[in-house]
Structure formats: C-alpha cells, structure tokens
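What you see below is based on every heavy atom in this structure, not just the backbone, and it leaves out hydrogens, waters and symmetry mates. Sequence lines set the chain letters: A, B, ... in the order given, protein chains first and strands last, and positions in each chain run from 1.
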Amino acid sequence: MFENPQCENCLFKSHAAKFLNIKQIGELEQNCALADLKKGDIIFKQGIFSSNIVYIKQGIVKLFVEGPYNEQILKIAKGPSYLGIPTTLAEKYNRYSAMAIDNVSACFIDVATFKSFIQENGKFAYEVIIELCRNEINLLNKCVSRAQKNARGRIADAILFLYNEIFESKTFNIPLTRQELGNYVDTTRESVSRILTEFTTDKIIDLDGKKLTILDFEKLKLVSQRG
DNA sequence: GCATTAACCACAG
DNA sequence: CTGTGGTTAATGC
C-alpha cells in the first residue's frame, strides 16, 4: 500500500540530491518515507529522540523552542529545504521542534542513510554544508536585528524576510498569528498589533487581517534600519 | 524633569 | 485571536 518514493525523478529534488549516483538514489528510495502534513502538524518535537532528517519539498514550517515563558520561534522556512540536520546529527534528542504552518509535503530520511551520503559523496556533502552556512548567516543577521533594533525595526525586518525569502510577492497572507509574530521578533502580541497599525497609517503597508501588502518598500527598508 | 519605548493588564469584539 | 487604552518602568537627553 505504501510505495517507495521515486527520488530520481522527484520534481522537488534538492540541490544536494542531484549529485547522488544511481546506487545512492536507490538507497534513498528504500530509506525515505513521504508524508503530507497539514497546518499545525508537528514534524518533530523538542526533547524527543529522532532518527530522521526531514526534507521539506513544499510548504512553510516554523522551528521553535519551548522557552521558560513562551515558545520562541527560531526560524520560518519553506521548501525546498532540509530540516533538523543540526539537531539530528549532533544531538540524540531534538533541541527544537518543527511544525507545518501551511500544507507541507515532506520526506523523512533515515539518518544513517543520510550520513553515509555525506561520507561517501563530497558533492552532496558540499551542498548540505552550503545550506547550513546560509542558515548560520541568517541566524547571525537575526542576532544583530534582535540586539540592536527596536520593535518597529524588527517587525519591518520580519516583513522584509517574508517578502524576500518566503513569498517573493508584495502581497501575502502572514502565516503566523500576532502572538507567533511576537515570539518570532521578540516582542508582545500587543506591540505587534500596534506597530502593524502604525505601518498601515503611515502607508507603508496595507493590512486586512492576515493579508499584508507592502506599499512603500523603500520606507520599509528605512524603518528596518532606523526603527 | 520630560519624552520615548515597550511590557503588562484589562476589556471588547 | 485581535485591537486598543491605561499604566508603569527603564532609559536617555
């Protein structure tokens, strides 16, 4: 009833997987399972043993940790993207959780198989490293944003991030509640609400519930820098 | 002092 | 789940 996935001709094949040879593709097909997830589905959970690397083919996910008071959103990501490489390769128990915040199509890859590709196939490994590097640079930028910008600047950054990295369109539905957006940019849901209405009255954005349109891109970038 | 910023609380859709 | 108003604390002229 469950067939092995067809990795060779996958429409969402990762950059790294393009370098796998026939034998390795065969191993991947044997050791990987597909899942279609809905908004709100947990992909993996903090504190729980995990033996899979997840590859998101399509869809949007959030990575978060359960902090002492709130859930802290570490990252919003969309497919195609690997998920959980740091926490699965370096740790026994997951250090953070991942949840689908949209419909997601994901592959769960056996970690031993994934490790063997890294050890046997330099080009595959290189592509994986590049993805990890990009993630790290993004996190560094977020550190600076968090430490040195005020709430307006951080929310402007979040809007720019959603535009640049996730939707690539000036109109999109914010995939998070105000509370989650607050947890993402280190502020409260009240401040998010207030600042978004400020941006609306300043004609920087247009807002209708979750539907956001960037009206004044230059001004938004200015707010990102100066708050 | 005075202004700004943002968290916390409460209440209403 | 959101938006808004009041209050309060911290910080910087």
Nucleotide [N], atom [atom2] - distance to [atom1] of [X] in whole Å:
X      : N     : atom1 : atom2 : answer
A:D186 : B:dA7 : CG    : P     : 9 Å
A:R154 : B:dA6 : CZ    : P     : 7 Å
A:R226 : B:dT4 : CZ    : C1'   : 18 Å
A:N183 : B:dA7 : CG    : C1'   : 14 Å
A:L181 : C:dG3 : CG    : P     : 11 Å
A:I195 : B:dT5 : CD1   : C1'   : 9 Å
A:Y69  : B:dA7 : OH    : P     : 15 Å
A:R194 : B:dA6 : CZ    : C1'   : 8 Å

| query | Are any of the side-chain nitrogens in A:E8 or A:K13 under 4.0 Å away from the carboxylate oxygens of its partner? | reply |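 Looking at A:K13 together with A:E8, the answer is yes, because their closest N to O distance falls below 4.0 Å.
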Which nucleotide wins on minimum distance to the side chain of [X], given the candidates [options]?
X      : options              : value
A:R189 : B:dC11, B:dA6, B:dA7 : B:dC11
A:R178 : C:dG3, C:dC1, B:dA6  : C:dG3
A:T177 : C:dG5, C:dC1, B:dA6  : C:dC1
A:E190 : B:dA6, C:dT2, B:dC8  : B:dC8

| said: Is the distance from the ring center of A:F108 to that of A:Y55 below 6.0 Å? | reply: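 No, ring centres 6.0 Å or more apart.
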| Looking at A:Y184 versus A:F64, is the centre-to-centre ring distance below 6.0 Å? |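 Not under 6.0 Å, so no.
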Strictly below 4.0 Å: does [X] bring a side-chain N or O up to OP1 or OP2 of [N]?
X      : N     : value
A:S193 : C:dT2 : no
A:T188 : B:dC8 : no
A:K210 : C:dT2 : yes

| Side-chain H-bond candidate by donor/acceptor type, A:N138 with A:K75, under 3.5 Å |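 A:N138 vs A:K75: no donor-acceptor pair found between side chains.
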| Does the cation-pi check pass for A:K210 over A:F172, that is, NZ or CZ under 6.0 Å from the six-membered ring centre and within 45° of its axis? | no
